[in-house]
Amino acid sequence: MIHLAWLVPALPLLGMILNIFVGRRLGRKGVGLLASAAVGSAFLVSLGLFISLGGLPHGVHQAEQTLFTWIAAGSFHVTVSLLIDPLSVLMSLVVSGVGFLIHVYSIGYMEHDKDYRRFFVYLNLFVAAMLILVLANNFLLLYVGWELVGLCSYLLIGFWYEKKSAADAGKKAFLTTRIGDVGFALGILLIFVTFGTLDYSAVFSQAPKLLQVGGTTATMITLLLFVGAIGKSAQIPLYVWLPDAMEGPTPVSALIHAATMVTAGVFMVTRTHVLFELAPFSQSVVAIIGTLTAFYAATIALTQMDIKRVLAYSTISQLGYMFLAVGVAAYSAGIFHLMTHAFFKALLFMGAGSVMHALDGETDMRRMGGLIRKMPLTGWTFVVAWLAISGVPPFSGFFSKDEILAAAYHAGHPILWLIGLITAGLTSFYIGRQVFLTFFGRSRVAPDLEPHVHESPSVMTWPLLALALLAAVAGFVGLPSANGSLIQSFLSPVVGGEGGGSFDLLLALLSTGVGLTGIFVAWLMYSAGVVSPTRMAARVRPLYNLLWNKYYVDELYGFLFIRPFRRTAAFLAEIFDPWVIDGAVNAVALVTDGASRVIRVWESGYVRNYALSLLAGAVIMLAYFVLR
């Protein structure tokens, strides 16, 4: 089965190509089914690769498949090759599996969109790009996938380009992530300069010999790589694009937040952990940035009223948890949370999309309420995702989140552990707030919409049920045992035996108590009515305004960067270009034209004029010699 690994990214690409050329003939249903089947087939092949890993010879945990030589110039040699190991196979299963469910869901969600075929073309390309990224066996192919997911995010966030806010959000995502990609590209160049190759196995095997622990080169390489991760995975200070990405269709939000794009940074740090372990300072930066981002984004989510923006800030926060894990060398814990997060976050976004589908695009939670009575499948699956992200046992988030917190505590980072613990309480509160405002209590739906509220079609609810099941039970692969959990054992050939955090019952009970407290407070404020949110906000008005306005970071970036760049661009376009650039070109033309007018008098083309000129010249020269 290993020899069929190339089919994993190739099948979504094939689906994309077929829909481009023959999709018009297939009709809407055919387009959606073809795109979904392509990704579903990639999942089945990934499942075959997972099974095949167990059939490799004893002591062999990976295989490579070289498709062709890409670049051969002197000593620089790059192939298009795939690396099949536990990390890449697990990521392929998550990307293609969750991606398949999102594709099926999209058949119903995008049913009436005029650009239905274009949407599925982009969606297939997005999944294919992420699969290239996770299966690459060298940094250059990784970079190709890295840039392709950036392109796809631009295309899909700005999918409804006729709407200015969507077009602006697409450009914002593209430009913001490009800042990180510059650092990422420089990191790859420094790797080539240092090692003379971009092949993973060669770089990782040579790294302990060529790099000093804590040395400048190791630190520079890893920090530059992490700059790329900050952009792609929306960490401080380059997180600002992700909340605006909500302008795209909701299935796009689910795909970006759960299975593609934003998880690329966590995967990359895990894949290059050999380099990061040679740079302790960089590891500390990763852990600190992740922890601060987790807390920071969670505080903003406390006050947001847009059902999708709450989830966007939740994603930023949960990604921070993952970076905390990989920053303290708990790599399997980080990937474990990446997997469980893919299930419950896709479920949350698709549940939000189901609500929007029923409410004619409404996203303000103040205009919802009581929806679980008319949308029970959407409502109860959303509750499952809420319990999972809140870390309530036995749901999946309990196992993955607690493993991260335990790893941070036992690695000697009590402050980071405490911030992570507080963030867990904030998470259960703001998602609980979202659940109570949207699905419980009295209905605040607009009177004209109220009679039309109904459950989404089965093509949208079946993926919700599948994800709810995964969000409920996937955590059991992290059950602690004497030899480590199943997921730790599976990933250990890639990340080493120390890759996971150790389960600590006391810490788990503490974090569970904090999570349940957050749920209880949300119930008191938004369901029982014991505490008035309005009065609470009034008592802390300055703090509330700060959180409501997202710490004014967008305004600060606008003042420091966007407006100066726009003024500079206006100066270049309106003054420098027409007066200096065009002026210089026009001046050359004017001088040439004037000179040609003078020369044209002498260069008339008449022989008699030339003869007269020769005679006049001869007379003048003769007179000179005679009279001197």
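Everything numeric here is computed off the predicted structure, so don't read it as measured data. All heavy atoms count here, side chains included; hydrogens, waters and symmetry mates do not.
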- Determine the sole option in Tyr430, Phe440, Trp523, Phe436 for which the ring-ring contact (aromatic ring centres under 6.0 Å, His included) test with Trp386 is passed.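 Single pass found, and it is Phe436.
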- Message: For the residue pair Thr340 / Ser400, report whether a side-chain donor-acceptor contact shorter than 3.5 Å exists.
- Response: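 Yes - a donor-acceptor pair under 3.5 Å links their side chains.
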Q. Any luck finding a side-chain donor-acceptor pair between Thr299 and Tyr551 under 3.5 Å?
A.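 Side-chain D/A pair, Thr299 to Tyr551: present.
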Which heavy atom of [X] sits nearest to which heavy atom of [Y], and what is that distance?
X      : Y      : value
Ile236 : Thr293 : N-OG1, 3.2 Å
Trp160 : Gly248 : CZ3-C, 4.1 Å
Val39  : Ser96  : CG1-O, 3.4 Å
Val328 : Ala411 : CB-CB, 4.1 Å

I'd like to know if Lys164 and Asp168 make a salt bridge, using a cut-off of under 4.0 Å between side-chain N and carboxylate O.
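Asp168 and Lys164: salt-bridged.
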Q | Arg309/Asp244 ion pair, N-O < 4.0 Å | A |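 The answer is yes: the pair qualifies as a salt bridge.
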Would Arg271 and Leu142 count as a side chain to side chain contact (heavy atoms under 4.5 Å, CB included) here? Give the steps. CA-CA 11 Å; Arg271 173 61 78 195; Leu142 167 71; over 6 Å; no
Do other residues, nucleotides or ligands put more than 12 heavy atoms under 6.0 Å from Tyr409 OH?
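Count not over threshold, so no.
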Tell me whether the count of non-hydrogen atoms from other residues, nucleotides or ligands lying under 6.0 Å of CZ in Arg541 goes above 12.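 Counting neighbours around CZ of Arg541, more than 12 heavy atoms of other residues, nucleotides or ligands fall under 6.0 Å, so yes.
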Geometric class of the [Y]/[X] ring pair [parallel <30°, tilted 30-60°, perpendicular >60°]:
X      : Y      : value
Trp146 : Phe184 : parallel
Phe561 : Tyr557 : perpendicular
Phe159 : Tyr122 : perpendicular
Phe439 : Phe382 : tilted

Evaluation steps, ring pair (Phe, Tyr, Trp, His ring centres under 6.0 Å), between Phe395 and Phe344 = CA-CA 10 Å; Phe395 296 91; Phe344 59 68; over 10 Å; no
Practice task
Output, in order, the C-alpha distance, side-chain angles, deciding distance and verdict of ring pair (Phe, Tyr, Trp, His ring centres under 6.0 Å) for Phe226 and Phe276.
Solution key: CA-CA 10 Å; Phe226 184 56; Phe276 277 86; 7.0 Å; no
Let me see the working for Glu247 and Ser165 under side-chain hydrogen bond (donor to acceptor under 3.5 Å, both in side chains), right down to the final yes or no.
CA-CA 7 Å; Glu247 291 290 342; Ser165 58; 3.1 Å; yes
Inset, instruction - State whether Phe174 and Arg178 meet the cation-pi test: NZ (Lys) or CZ (Arg) under 6.0 Å from the six-membered ring centroid, and within 45° of the perpendicular axis. - result: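 Output yes; distance and angle both within limits.
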